[in-house]
Amino acid sequence: INVSGGNFQTSKFIIINEQNAGKMTLRGGTFNTTSSITIGNDSQMEITGSANVTSSYTADGRIVDNTATGTLTVSGGTITAKGNSAAIQNVNGTINITGGRLTSQNQSTITNQGTANISGNAYIQCSNYDQAALFNFGGTTTITGGTLKNTVSGGFALYRQGGTVYLRGGTATPNNL
């Protein structure tokens, strides 16, 4: 399934839930919710082009929920957490971020306990004093490019609570020095 435009909004449910059915590509369009999950992925999904995925959920949530069987690729577009959500929560799945702009205001932008690969011109930003652009708590993260940034005093670009992180390139800019 390819989505290249449109405006999708809800306040109660997941807008898209890809479950073991092949591959979905979001090339454009706006996806906005005030519920705890905007997009669920249990299969293969790519966010690219001008796709704009946002959430203003006020409790703990996540915009993209990538599960154990999911592979998520972000090569473009924007994922913006305006409320109290992570942009991506990776629960034992695989995420490949090679481009795009991912931002969060009140939670870590990416939480990883699976496999995460950050490369290319990916831009990942957090704007919270005790959170991180990337929070690794049990998975394996490999960073070969891209930018991890926290814009608030006391904030972390990268925080590892568990698992393994390989830093082989890219730029990490904390605001806690």
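Positions are given from 1, in the same order as the sequence printed here.
- Here R160 contributes atom CZ and T141 contributes atom OG1; the two are 10.5 Å apart, rounded to the nearest 0.5 Å.
- Checking each of T80, T54, T38 against N32 for a side chain to side chain donor-acceptor pair (under 3.5 Å) leaves exactly one that passes, namely T54.
- Shown here are the salt bridge (Lys or Arg N to Asp or Glu O under 4.0 Å) partners of E18, two or more places apart in sequence or in another chain: there are none.
- Without hydrogens or angle criteria, N106 side chain to G83 main chain gives a donor-acceptor distance under 3.5 Å.
- Atom CD1 of I95 sits about 5.5 Å away from atom CD1 of I118, to the nearest 0.5 Å.
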Worksheet entry | Audit row: E46, S75, side-chain hydrogen bond (donor to acceptor under 3.5 Å, both in side chains) steps and yes/no | CA-CA 7 Å; E46 181 176 8; S75 58; 2.7 Å; yes

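- Of the possible polar contacts, one joining the S43 side chain to the G22 backbone as a donor-acceptor pair under 3.5 Å is found.
- Atom-to-atom distance recorded for Q125:CD and L102:CG is 10.5 Å, nearest 0.5 angstrom.
- At least one donor-acceptor pair closer than 3.5 Å links the side chain of S104 to the backbone N or O of Q107.
- Taking each heavy atom of N41 and T71 in turn, the nearest pair found is ND2-O, 3.3 Å.
- Paired with I97 under the rule side-chain contact (heavy atoms from CB on, under 4.5 Å), one option of L72, I110, T73 passes, and it is I110.
- With rounding to the nearest 0.5 angstrom, the CG atom of N112 is 10.0 Å from the CD1 atom of I88.
- Smallest separation of non-hydrogen atoms from F31 and L26: CZ-CD2, 3.9 Å.
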